[in-house]
Amino acid sequence: MAKVVRDDAREDHVTTTHALSLVQETPYRWRLDPIDAMRVPGVVFATEALLPAMTDDRSLDQVANVATLPGIVTASYAMPDVHWGYGFPIGGVAATDVDAGGVISPGGVGFDISCGVRLLVSPLQRDELQHQLTALMDDLDRNIPRGAGPGGIWRLVGGLAELEEVLRGGSRFAVERGHGVARDLEHCEDRGAVDDADPRQVSARAHQRGLSQVGSLGSGNHFLEVQYVDETYDQAAADAFGLRVGQVCVMIHSGSRGLGHQVCTDHLKAMLTAMPRHGISVPDKQLACAPVQSPEGRAYLGAMSAAANYGRANRQLLTEATRRAFERAVGTGELDLLYDVSHNLAKLERHTVDGRERQLCVHRKGATRALPPHHPELPCDLTEHGQPVLVPGSMGTASYVLAGNVEGDAFHSACHGAGRVMSRHAALRSVDGRALKQQLEKAGIAVRGTSARGLAEEAPASYKDVNEVVGTCERAGLARRVARLRPLGVVKG
DNA sequence: ATGTCC
């Protein structure tokens with residue numbers, strides 16, 4: 001547990017088990033000064049109310065561990081929704097200098113490579129959907145493949161050869177095959193596909209797992225929600241994003257399923273073996289890594305990018321399935337893609353560090369890229385306001401649309417969700433899934449789940465307050481609030 | 001997150 005030191009240096013602190021001290025810089029920003037092998041400080045974006053959860057679950061120790069990685073620059077960051085994860089905390093951002101031996105680490109991306117969110121905006125107002133909502137939810141229930149194991153919208157009749165095209169082309173390939181329109185791609189991070197995908201670095205087992213899951217939601221915290229715009233904040237941005245109060249939208253949260261999981265497993269193992277060869281030692285085996293410019297680093301980057309494209313194609317196929325369900329149940333399949341963005345990814349980006357522009361490998365694990373206004377990667381119609389940052393809340397609670405700021409911080413990153421505070425195991429002990437479903441239905445939220453256990457694990461009580469998390473992001477300058485969304489119906493694995 | 005242990 002970290003000692004807490006206020007910025008006025010009063011000795012107002014909690015018990016410490018080692019020398020890690022948390023120094024308050026602003027009401028929303030704290031610093032972990034380097035100790036032991038830390039090469040840079042840790043920077044934590046949090047209010048005092050959010051801090052105890054971070055110290056209790058040892059995720060700040062993980063922030064400090066990440067700060068020891070070779071080539072790391074500026075700081076090891078924690079977003080306000082940070083919580084304990086595999087090696088890196090979930091809600092962590094770390095960038096390494098590629099040309100200075102900087103490493104890439106599968107634990108810095110997570111098992112669900114390119115897990116992310118997209119938001120579709122309907123021309124309908126909430127009251128126009130009222131009478132068809134049950135039919136719509138029933139249609140989605142029948143037509144959105146989900147849960148653990150095989151099952152997906154797309155039958156890959158072309159087998160492994162067609163899977164290669166998914167791994168190279170992502171959403172672009174899905175659109176080429178008629179699943180969506182060109183406009184969708186303009187509103188995807190990387191225009192729908194990462195360029196440096198190398199399917200040869202994706203193992204046979206990963207390929208096998210991927211064959212049967214293209215176009216599926218998965219389980220855990222993944223969901224498809226029919227939502228409405230509850231409140232807008234930055235009116236100019238909300239207008240540009242097409243978000244009016246009462247407007248119906250659909251949020252899809254999904255990832256790269258078993259394929260991404262297998263890629264992570266395979267490359268963690270390869271890196272662990274290679275670390276002594278590269279002269280790298282880390283305080284936690286789960287931080288296994290290799291220089292970006294090494295055979296193991298490049299292999300993982302290629303495989304991770306391929307898995308990322310699988311995740312993008314996955315969300316594109318779910319989008320088209322949702323449009324068809326809207327067509328049948330509501331009479332219009334018009335659902336405009338606002339944006340699609342990952343929150344589990346490592347990317348090669350150029351940033352200015354200490355006055356010099358460098359190529360960095362930016363790991364965002366449970367953290368969302370938040371490009372500033374006028375960034376060249378933004379599509380024309382979004383450039384004035386910055387990149388939409390899509391932040392799903394916990395089940396039954398609000399979600400947010402934020403926008404990237406010019407000043408930004410943490411290499412232009414923001415939070416990715418509410419952030420878990422209770423383990424799945426603990427949630428199962430304290431929550432009854434069936435009762436929770438009844439409670440949500442009573443609150444007017446249609447629930448289409450596949451297991452009571454899955455619902456219990458995702459109970460809102462397992463998560464932080466998304467309003468507090470998002471408010472902290474805004475006050476820390478990471479991103480600004482554009483709109484709050486509330487659920488009408490949720491489809492879960 | 002995950003064919004929640006090949």
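In what follows, every chain begins at residue 1, and chains take the letters A, B, ... in the order their sequences are listed. The structure displayed is predicted, hence computed values, not measured ones. Computed from heavy atoms alone, side chains included, the values below leave out hydrogens, waters and symmetry copies.
Between A:Asp81 and A:Gly417, the closest heavy-atom pair is OD2-N, 3.1 Å. Here the closest non-hydrogen pair linking A:Glu468 and A:Ala49 is OE2-CB, 3.6 Å.
Residues A:His351 and A:Phe411 place their aromatic rings such that the two centres sit under 6.0 Å apart. Between A:His343 and A:His253, the distance separating the two ring centers is shorter than 6.0 angstrom.
Per the geometry, CG belonging to A:Asn344 stands 13 Å off C1' belonging to B:dT2, to the nearest Å. For A:Lys269 and B:dT2, the NZ to P distance is 22 Å, given to the nearest whole Å. One can place CG of A:Leu259 at 12 Å from P of B:dT2, the figure rounded to the nearest angstrom. In this entry the distance linking CZ of A:Arg205 with C1' of B:dT2 reads 13 Å, nearest Å. Here the C1' atom of nucleotide B:dT2 and the OH atom of A:Tyr86 are 13 Å apart, to the nearest Å. Rounded to a whole Å, the CD atom of A:Glu458 is 14 Å from the C1' atom of B:dT2. Remark: P of B:dT2 and CG of A:Asn314 are 10 Å apart, rounded to the nearest angstrom.
Proximity of A:Arg257 to the phosphate of B:dT2: a side-chain N or O atom is located under 4.0 Å from OP1 or OP2. Phosphate proximity of B:dT2 to A:Thr265: absent, as no side-chain N or O sits under 4.0 Å from OP1 or OP2.
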